[in-house]
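To keep things clear, I will list the structure first and then write my remarks on it.
Hydrogens, waters and symmetry mates play no part in the numbers below; they use all other heavy atoms, side chains included.
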Amino acid sequence: MPGPPPAVAQVRIAVRAALSPLAADSLVLAAVSDGADSLALLAATAFEAPRRRLRIGLITVDHGLQAGSAERAAELARWARSRGIDPAEAVTVDVGTSGGPEGAARAARYDALTAAADRHHAAAILLGHTREDQAETVLLALARGSGARALSGMRARRGRFLRPLLSVRRDVVRAAAAVDPFLAGRVPWADPHNEDQAYARVRVRAATAELSELLGPGLVAGLARSSDLLRADADHLDALAAAAAAENGVPDRLADGLDTAALGALAPAVRTRVLRLAALAAGAPGGALSSAHVDALDALVSRWHGQGPVSLPRGVRAERRHGRLSVFRSGDDLGGRQCTTATSKPS
C-alpha cells in the first residue's frame with residue numbers, strides 16, 4: 001500500500017515528534033486560521049493524535065478586523081466538528097491598540113488561546129509557524145536592533161504552546177495542505193492582511209524573498225539555524241542573570257535598593273538582564289519594556305553622573321541614591337518614604 005505524499009509525510013513526522021512527550025488521553029488544541037499552514041497542521045494532528053491516544057480540538061480566533069470574519073470563523077468550527085474534531089470553537093476577541101496593530105492582535109490572540117486551553121483543560125496548543133516564519137521573525141528583530149533573545153526567534157515549545165512546523169519549509173507545508181485527504185474539498189482562506197504592505201511582517205516577507213534571490217536559497221535556513229544558536233546563548237545568559245538577580249536581591253530586596261557596586265561588577269550582558277528582571281518584578285510590563293528603558297536603567301549603574309530618576313512603563317520608576325538603586329512603582333512606600341516624584345537630585 002503506497003504511503004502518503006512526501007509533503008504530507010514530512011508534516012506528519014514533525015507533528016508526531018511534537019506530540020510524543022504528551023501523556024495519553026490529553027487534549028491538544030490546534031490553532032487554525034483557515035489558512036494553508038494551519039490547515040496542514042490540523043490535518044497532520046488529526047492523523048497523528050489518535051495514534052498516540054490523544055484527543056484533538058480546534059480553536060479559531062476572530063479578530064473582528066474584517067467584514068465577514070465572524071461568519072468565516074463559525075463556518076470553520078462547524079466544518080471541523082463535521083470531521084470529528086471536538087471541541088471546535090470560534091472565539092471573538094477585542095483587539096486593542098497597545099503595541100501597534102500587529103502586536104495588539106497577537107496579544108489578543110494568545111490571550112484567547114490560553115483562555116481556551118484553560119477552559120478545555122488542554123495539555124498543548126499547536127501553532128502553524130513554518131521555517132520561513134522563523135526567518136522573518138529574526139529579520140524583524142534585526143531591523144529593530146533587538147538583542148540576542150529576540151534574535152533567537154520563536155521556540156518550538158514555550159509552555160503549552162507548540163510549534164511543530166518550525167523546521168519545515170513553507171512550500172512543503174502548503175503542498176501538504178493541497179493533497180492531504182483530511183482536507184479534501186477544503187479551500188484554504190487567503191487572508192488579505194497577508195498582502196497588506198502596511199504590516200511590517202508583510203514587508204519583511206517580501207524582503208526575505210528578495211534577499212533569497214540575491215544571497216541564495218540558503219538564506220532562510222541560515223537565519224533559522226542562527227536563531228537556534230542564539231537561543232542557546234540567550235538561555236545561558238538568562239540563567240546566569242537569574243542567579244545574579246537572586247544573589248543581588250531581585251525581587252526580595254528591591255525596596256531596600258540594589259548595590260550599584262555589585263551590579264557594576266557584573267558582565268554587561270548579565271547586568272542588563274538583571275536590571276530588566278528588577279523592572280519586571282517592580283511591575284513594568286514585559287511587552288512595553290524596551291531596550292531603551294533597560295539602557296537608561298543601566299546608565300544609573302555603569303554611567304552614573306548624578307542623573308535623576310528613570311521612568312518605566314506602568315508607573316515604575318528607578319532612582320539611585322547613596323550607591324543603591326531602587327526600582328519601584330510610583331506611590332509605593334519604600335522604607336517609610338512615599339515615592340511619588342523626585343524633589344531633588346539623588347546623591
ask   = Is the shortest side-chain N to carboxylate O distance from R149 to D233 below 4.0 Å?
value = no

Identify each donor-acceptor pair in which a side-chain atom of residues 280-290 lies under 3.5 Å from a protein atom, sequence neighbours left out, and give them as a table.
| residue | atom | partner | partner atom | Å |
| --- | --- | --- | --- | --- |
| S290 | OG | A292 | N | 3.3 |
| S290 | OG | H293 | N | 3.3 |
| S290 | OG | H293 | ND1 | 3.1 |

query = What residue pairs, at least two apart or across chains, pass ring-ring contact (aromatic ring centres under 6.0 Å, His included) with a residue in residues 114-171?
reply = Y110-F161

inquiry  = Quick one, I125 with I59, criterion side chain to side chain contact (heavy atoms under 4.5 Å, CB included). Give me CA distance, side-chain angles, the key distance, then yes/no.
reply    = CA-CA 9 Å; I125 308 159; I59 298 295; over 6 Å; no

ask   = Taking the side chain as C-beta and beyond, is there a heavy-atom pair between P87 and L58 under 4.5 Å?
value = no

message = Between T130 and D133, is there a side-chain donor-acceptor contact under 3.5 Å, judged purely by atom types and distance?
response = yes

query = Is R16 paired with E48 through a side-chain N to carboxylate O contact shorter than 4.0 Å?
reply = yes

message = Going by ring-ring contact (aromatic ring centres under 6.0 Å, His included), name the pairs with one or both residues in residues 241-276, residues two or more places apart or in two chains.
response = none

inquiry  = Closer than 3.5 angstrom, by distance alone: can the side chain of R317 be matched with the main-chain N or O of F328 as a donor-acceptor pair?
reply    = no

task = Mark yes or no for whether R324, through its side chain, and G257, through its backbone, hold a donor-acceptor pair below 3.5 Å.
result = yes

Exercise: identify the closest heavy-atom pair between L140 and A200 = CD2-CB, 4.0 Å

query = Donor-acceptor pair, R271 side chain versus L266 backbone, under 3.5 Å?
reply = yes

ask   = Judged by atom type as modelled, is there a donor-acceptor pair below 3.5 Å linking the side chain of R320 to the main-chain atoms of Q307?
value = no

key: Heavy-atom side-chain proximity of V310 to L312 below 4.5 angstrom   = yes

message = So does G128 get a backbone contact from the side chain of R163, meaning a donor-acceptor N/O pair under 3.5 Å?
response = no

query = Between A49 and I56, which heavy-atom pair has the shortest distance, and what is it?
reply = CB-CB, 4.4 Å

Cationic N near anionic O, under 4.0 Å, R52 to D25 = no

query = So, are E136 and R201 salt-bridged, with charged N and O less than 4.0 Å apart?
reply = yes

key: Minimum-distance pair of heavy atoms, taken over all atoms of G323 and T260   = O-OG1, 2.9 Å

ask   = Does a side-chain heavy-atom distance below 4.5 Å link V91 with T60?
value = no

Heavy-atom closest contact (L39 atom, L183 atom, distance) = O-CD1, 3.6 Å

ask   = More than 12 foreign heavy atoms under 6.0 Å from CD of Q66: is that the case here?
value = yes

ask   = Are side-chain heavy atoms of L113 and L127 found at a separation under 4.5 Å?
value = yes

query = Hey, is R231 close enough to D228 for a salt bridge, meaning N to O under 4.0 Å?
reply = yes

query = Crowded around D118 CG? As in, over 12 foreign heavy atoms under 6.0 Å?
reply = yes

ask   = What residues form a salt bridge (Lys or Arg N to Asp or Glu O under 4.0 Å) with R157, not counting sequence neighbours?
value = none

request  = Decide salt bridge (Lys or Arg N to Asp or Glu O under 4.0 Å) for D235 and R155; before the verdict, give the C-alpha distance in whole Å, the side-chain angles of both, and the deciding distance to 0.1 Å.
outcome  = CA-CA 11 Å; D235 286 347; R155 291 182 181 274; 2.5 Å; yes

inquiry  = Please find the pair of heavy atoms, one from P309 and one from E319, that lie closest to each other, and give the distance.
reply    = CG-OE1, 3.8 Å

ask   = So, do S291 and V294 sit near enough that their side-chain heavy atoms are less than 4.5 Å apart?
value = no

task = Any side-chain hydrogen bond (donor to acceptor under 3.5 Å, both in side chains) involving residues 28-39? Give me the pairs, sequence neighbours left out, ordered by first then second residue.
result = S33-S38, D34-R186, D37-R174

request  = Taking the side chain as every heavy atom from C-beta outward, state whether V95 and V93 have any atom pair closer than 4.5 Å.
outcome  = yes

task = Apply the test side chain to side chain contact (heavy atoms under 4.5 Å, CB included) to residues V220 and R131: give CA-CA distance (whole Å), side-chain angles for both, the deciding distance (0.1 Å), then the verdict.
result = CA-CA 7 Å; V220 168; R131 190 170 71 177; 4.0 Å; yes

inquiry  = For residues 4-28, which residue pairs pass the ring-ring contact (aromatic ring centres under 6.0 Å, His included) check, not counting sequence neighbours?
reply    = none

V11/L41 under side chain to side chain contact (heavy atoms under 4.5 Å, CB included): CA gap, chis, key distance, verdict = CA-CA 7 Å; V11 173; L41 172 70; 5.9 Å; no

request  = Apply side chain to side chain contact (heavy atoms under 4.5 Å, CB included) to V173 and Q10, showing your working.
outcome  = CA-CA 8 Å; V173 174; Q10 189 170 341; over 6 Å; no

Any donor-acceptor pair under 3.5 Å from E213 side chain to L211 backbone = no

query = Quick one: are L325 and L275 in side-chain contact, heavy atoms under 4.5 Å?
reply = yes

ask   = Is it true that R119 and E89 make a salt bridge, defined as a side-chain N closer than 4.0 Å to a carboxylate O?
value = yes

note = Here the gap from L142 atom CG to S226 atom OG, rounded to the nearest 0.5 Å, amounts to 9.0 Å

message = Does any part of the side chain of L223, heavy atoms only, come nearer than 4.5 Å to the side chain of E132, both counted from C-beta?
response = no

Under-4.0 Å salt bridge between D298 and R303 = yes

inquiry  = To the closest 0.5 Å, what do you measure between OG (S326) and CG (L258)?
reply    = 7.5 Å

key: Which atom of Q134 lies closest to which atom of S152, heavy atoms considered   = NE2-O, 4.3 Å

ask   = So, the side chain of R51 versus the backbone of F47: is there a donor-acceptor pair under 3.5 Å, distance only?
value = yes

